[in-house]
*Asks:* 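Just passing along the structure, written as structure tokens.
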Protein chains: 4
Amino acid sequence: MIVVIKDEATPQELQAIEQLMAGSESPHYTRLDGSLILSNERPLQQDTALRLLEFASVERVLKADKAYRLVSREFRPAGTIIRVGDAVFGGDEAVAIAGPCSVESEDQILRIAAEVKEGGAKVLRGGAFKPRTSPYAFQGLGERGLELLAKAREASGLPIVTEVLDAADLPLVASYADILQVGSRNMKNYKLLKAVAASNKPILLKRGMASHLEELLLSAEYIMAGGNGDIILCERGVRTFTDYARNTLDLNIVPTIKKATHLPIIVDPSHGTGIRDLVAPMSMAAIACGADGLMIEVHTEPDRSWSDAAQAISPENFADIMHKVRSLSAWRTAHEALSLTPEG
Amino acid sequence: MIVVIKDEATPQELQAIEQLMAGSESPHYTRLDGSLILSNERPLQQDTALRLLEFASVERVLKADKAYRLVSREFRPAGTIIRVGDAVFGGDEAVAIAGPCSVESEDQILRIAAEVKEGGAKVLRGGAFKPRTSPYAFQGLGERGLELLAKAREASGLPIVTEVLDAADLPLVASYADILQVGSRNMKNYKLLKAVAASNKPILLKRGMASHLEELLLSAEYIMAGGNGDIILCERGVRTFTDYARNTLDLNIVPTIKKATHLPIIVDPSHGTGIRDLVAPMSMAAIACGADGLMIEVHTEPDRSWSDAAQAISPENFADIMHKVRSLSAWRTAHEALSLTPEG
Amino acid sequence: MIVVIKDEATPQELQAIEQLMAGSESPHYTRLDGSLILSNERPLQQDTALRLLEFASVERVLKADKAYRLVSREFRPAGTIIRVGDAVFGGDEAVAIAGPCSVESEDQILRIAAEVKEGGAKVLRGGAFKPRTSPYAFQGLGERGLELLAKAREASGLPIVTEVLDAADLPLVASYADILQVGSRNMKNYKLLKAVAASNKPILLKRGMASHLEELLLSAEYIMAGGNGDIILCERGVRTFTDYARNTLDLNIVPTIKKATHLPIIVDPSHGTGIRDLVAPMSMAAIACGADGLMIEVHTEPDRSWSDAAQAISPENFADIMHKVRSLSAWRTAHEALSLTPEG
Amino acid sequence: MIVVIKDEATPQELQAIEQLMAGSESPHYTRLDGSLILSNERPLQQDTALRLLEFASVERVLKADKAYRLVSREFRPAGTIIRVGDAVFGGDEAVAIAGPCSVESEDQILRIAAEVKEGGAKVLRGGAFKPRTSPYAFQGLGERGLELLAKAREASGLPIVTEVLDAADLPLVASYADILQVGSRNMKNYKLLKAVAASNKPILLKRGMASHLEELLLSAEYIMAGGNGDIILCERGVRTFTDYARNTLDLNIVPTIKKATHLPIIVDPSHGTGIRDLVAPMSMAAIACGADGLMIEVHTEPDRSWSDAAQAISPENFADIMHKVRSLSAWRTAHEALSLTPEG
């Protein structure tokens, strides 16, 4: 169950509330948006609910009968909206994050930033610390990459998202980034999840390569239980037996997540396919089934990209995709195509 | 290489052509649409092409350097269009096949046929011979089911598609069906593929649960190499580690198939998700990324469906989906959203 | 529940027994080894059991509370033993089936038969009807291949196992084969399963590429419910994301099947790895965890095998493997390494 | 290529060697066992090899034409042997690590340590920092758990292995542990891999849930390129579509790794199956195909284990397994069952 408490509750009240909650362990305490939230694993019974609501300091009580609690849609039925610069994640309009896989040079990132802004991106992406399979591969420009991203932000006006690989890097990365990315490989790096929970930045949490839905939601729960509810989920393809694409983009998860949680979800068709020509059609598919946005790798010379060249698209192609995305996003709103009402 | 030959070629000419083709084995002979097609595994060299084209009876020569030949887009660059009743597979407009998982009774199939026609379906589906995991589960009404489908066709005017499980059943099933379905479990039943190749009915070929792209295309090649080029492919979800859906709908394959082959491809969001509430959003996703149509399980009493109840939707829900599908299909055409032009 | 009945039961008795069983549908009737077996989906209650056992014609009643019934270990606690020639499947000693992927010529099959017999094989394998992914690939010698297998049997004294692809081919294949193989691609070809159930030959049933345990057991149940209880299961690798082998050999299933069913299970390390050098170590692993035998592709000129060349091993290598297998099999017996007693 | 250099090389010599190596980037420098190792991505040509060997300071030059270099068997053809207390990883005899999933209390860990030592374990395992899917699950006793492990080491004489979750925790964990475990979830946590590379402890590196072979070897390469060559690999099951076990134990990888690398590999049948009754047979399978050892979860009250209860076994069961493992290990040596000689 979840009990939402106003800050003015006295220690005595809290103790009495804890007793009513009566789980096998003490409830978990989370401070979120000026409230105090107590939760435990017990599903809420009606009589307990009534008694809890008698406390003046108790604002709301919730059943929360799943493994994840705070990220469940029940907790915020209207959905979470996250604003970063001009980008609105979780609203009617689909929003795009775009940019290169890696920051390579000042010239590169400034040009791409200008191009993707022109094309319709609302956030600039770019890797400074890169998790690379080989120790001998380019590992990113590090802090220099962050500085270049900051310059690109200044020049373009776009907020920036970049990956943080390790709790120890967090202060540095957070001093530059507007959104902190936790990558696929780190979806189960719980130390990192706890660290970003303590930051005051929105988090872009990418699904792991073989992650169950529940595991993804519990990773988000780590962040929210730590006091940070500004989480954007991202589907980026899962690893299967496929012979023709880098990954299998699992779009089934988009409407499933919209129903299960209040968090926005975007789709990364670049990693989700690994193939340039599939980025456009899979962007349309993602928007059509309800994604709140896209994350797309764009490079002014796609074939010369220092990493993930096969999936990078040109700024022209990106602009063309965004033109269609805006139109499809409007169609979606006009047709209430994403109404969540289930069948009786 | 592929050599397309007019029927008036003499045996001497054929012999000379075979010699020029010069593979390690005799070329494969296929009769298709009034032409004779010779093909073998050797990629075509330019000088061989020029010499082959000197024969008056040779219409076309093609490189065909993949494992599959006749189903490659190269063979019919404009794409294959298959017309069955009012349904057009492979045209601009997305088309829907709908109906119950199994034919259960005359009343059931007549009512559903009327409802799905009203909702916008162009073809009626219904299983008479059902491949069931358990020997003790309902195995379909058999020939009686085929008779009821024929009645529903008469009453509704909708052509019917139904599954054929075995080469021995083919004459019976083909005497009723307008389209013959080869199901997922039989995608690699090569005896059955050869049998349906010899029928003159369009074939709906569903992808196997763990089928590679190339395997699906080679199964289609079995049918086309046997003289039947009217093949509709169908993505219906693949088996992965997923914890929240029956299957993982692999929409990446839709634009991939449109590029690799000339055959139409439809999507089955009912089996591809296994969950009623996901049918609508995944229908939209399928159309948005270029599917030529949909195959949807509809039941007047979804929860009482004798098979696959969890994924069946009501006629009202189906009509609502079709309303959006028509609109999205028109949007797709208006925006040339599926233009196949790859990036330079 | 399962009710085993002596043949002398009267129609009146059967009717009374059916009434006591009282499922929503009539029980399934199977004739097996001179008994009549009635079964339905209801778990058996104790009072029903007592009343059923009052009938003189009722031999045994069983709970059978799983989706599969007759193949469950409960039905034959001592396990099923299948004897074909000198081969004993399900006994203490591990037994080997060996031979080429395809029968290629009289000389080839006679030589390999002699070699594998010498090396310790008890059954000769060889494909006459081959399920090939491409319609243009060698499809097997057909009936001529069966004749050559028969010659090899005569010359070597080894019984033969070969694949049947289709119910229509069954009479022909069964007139030659000592064991009928149902291949991976046909594990869910229920028409074929029903057909082989009606034959009086032992069946080698290979697990499908993406088959769940329960699906494999229900496919075996099709055969046993059709009156044929002589079924040898075969693990041959499943399709996963692996980057280094053709398939992932799922040995976890071996002890699981020994516990869940009374049927013998063998392992095919040739298809299960697709790599020659892995055949020996994975043969040892299979025996060590309880497999009743092995099925190995052997060719006198492995690299020239007409199909599956990468996984074929030489007769010398096979003999070396068998030497170790016999020793490991004896070790296994001496150490009661496979005792099924679970922990309290 | 790899160039192994004695420490007395002068800067001028190094410069000349670098020039001969002539890759597009500077070679990677690794200090290992008193030598300096230069490596880059270029395969070695014979003339370059001859010229490199003319330098007195050059000890060895190697082709190293794979993505991984230092971990390739070519680098240490005889194989790596790692000694920790009485445990020898990579020798003839299979060695066992055993203990509880989590350290729960002093009494628990002392009792289990005594029992598993008695049963034949050579290393004690126990989690102090636990990576748990839910933020609300028991996260381990932390430093208190490390202290209890140290007590158990003192009492039992067994060296201890425990997981390190984060680079920041490394100094603390390394001050207690004899072997540092990098868990499945962290196989691609490259920051952590670089950190443990700089420690002087042996590393137990567990394969990720959806890890390719090459990815596992490149993760090991991160550690070795960082100067630590004492790496024990561990197969612990991969995530597939399986319906009957927690994971699919991929034993194909054992002989593959023995051939590809010089590193020892052990198998974790507890996580690899998730089912108590499968631990014994899969332990035998692992040893039979060449594993250098096992890692097994043992608990004095398996069903009361605070984590992973379903897969924990009792000390009695463990002792019984070890009795068989020793015997099978001896059989393996006696029969040269793991000879790596490939077929011509």
Side-chain angles (χ1 to χ4, degrees), chain A residues 23 25 27-28 30 39-41 66-71 129-140 164-170 183-195 197 208-212 214-226 238-241 247, chain D residues 23 25 27-28 30 39-41 66-71 129-140 164-170 183-195 197 208-212 214-226 238-241 247:
Chain A
E25 295 168 33
H28 185 92
T30 305
S39 68
N40 67 10
E41 80 290 355
K66 302 225 174 53
Y68 48 90
R69 302 171 197 164
L70 303 179
V71 302
F129 294 93
K130 298 295 301 174
R132 299 303 298 278
T133 305
S134 168
Y136 308 119
F138 171 60
Q139 309 264 321
V164 54
L165 291 178
D166 189 69
D169 292 342
L170 182 59
S184 287
R185 291 169 181 81
N186 277 321
M187 194 203 85
K188 295 185 185 175
N189 183 338
Y190 302 119
K191 289 272 179 175
L192 180 57
L193 296 178
K194 288 175 184 173
M209 275 205 170
S211 162
H212 282 166
E214 189 171 289
E215 291 169 343
L216 171 60
L217 297 186
L218 285 170
S219 285
E221 187 84 10
Y222 262 97
I223 300 172
M224 200 156 172
V238 291
R239 185 165 273 179
T240 69
F241 61 81
N247 288 301
Chain D
E25 295 168 33
H28 186 92
T30 304
S39 67
N40 68 11
E41 81 290 355
K66 301 225 176 54
Y68 47 90
R69 303 171 197 165
L70 304 179
V71 302
F129 294 92
K130 297 295 301 173
R132 299 303 299 277
T133 304
S134 167
Y136 308 120
F138 170 59
Q139 311 264 319
V164 54
L165 290 178
D166 188 70
D169 292 343
L170 182 58
S184 286
R185 292 168 180 82
N186 277 321
M187 194 202 85
K188 295 185 184 176
N189 183 338
Y190 302 119
K191 290 271 180 178
L192 181 57
L193 297 178
K194 288 174 183 173
M209 275 205 170
S211 164
H212 283 167
E214 188 171 290
E215 292 169 344
L216 172 59
L217 297 187
L218 285 170
S219 285
E221 187 83 12
Y222 262 96
I223 300 171
M224 199 155 173
V238 291
R239 183 165 275 179
T240 70
F241 60 82
N247 287 302

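Numbers restart at 1 for each chain; the letters A, B, ... are given by sequence-line order, proteins then strands. None of the values given here were measured: they were computed from a predicted structure.
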*Asks:* Quick one: ring pair (Phe, Tyr, Trp, His ring centres under 6.0 Å) partners of A:His212, sequence neighbours excluded?
*Replies:* none
*Asks:* With respect to chain D, which residue among A:Thr240, A:Asp166, A:Leu165 yields the maximal number of heavy-atom pairs within a distance under 4.5 Å?
*Replies:* A:Asp166
*Asks:* As an exercise, state the distance from CG of D:Leu170 to CG of D:Leu192, rounded to the nearest 0.5 Å.
*Replies:* 7.5 Å
*Asks:* Nearest 0.5 Å, please: how far is OH in A:Tyr68 from OG1 in D:Thr133?
*Replies:* 14.5 Å
*Asks:* Heavy-atom distances under 4.5 Å only: say whether A:Ser39 touches chain D with side chain, backbone, both or neither.
*Replies:* side chain
*Asks:* Please check: side-chain N/O of D:Arg185 versus main-chain N/O of A:Lys188, any donor-acceptor pairing under 3.5 Å?
*Replies:* no
*Asks:* Please flag which part of D:Phe129 lies under 4.5 Å from any non-hydrogen atom of chain A: side chain, backbone, both or neither.
*Replies:* side chain
*Asks:* Working to the nearest 0.5 angstrom, can you tell me the gap between D:Asn40 CG and D:His28 NE2?
*Replies:* 11.5 Å
*Asks:* Need one label for A:Thr30: side chain, backbone, both or neither, based on atoms under 4.5 Å from any heavy atom in chain D.
*Replies:* neither
*Asks:* Given heavy-atom pairs under 4.5 angstrom as the criterion, report whether the side chain, backbone, both or neither of A:Tyr190 touches chain D.
*Replies:* side chain
*Asks:* When only pairs under 4.5 Å are counted, which of D:Ala67, D:Ala168, D:Pro131 shares the most heavy-atom pairs with chain A?
*Replies:* D:Pro131
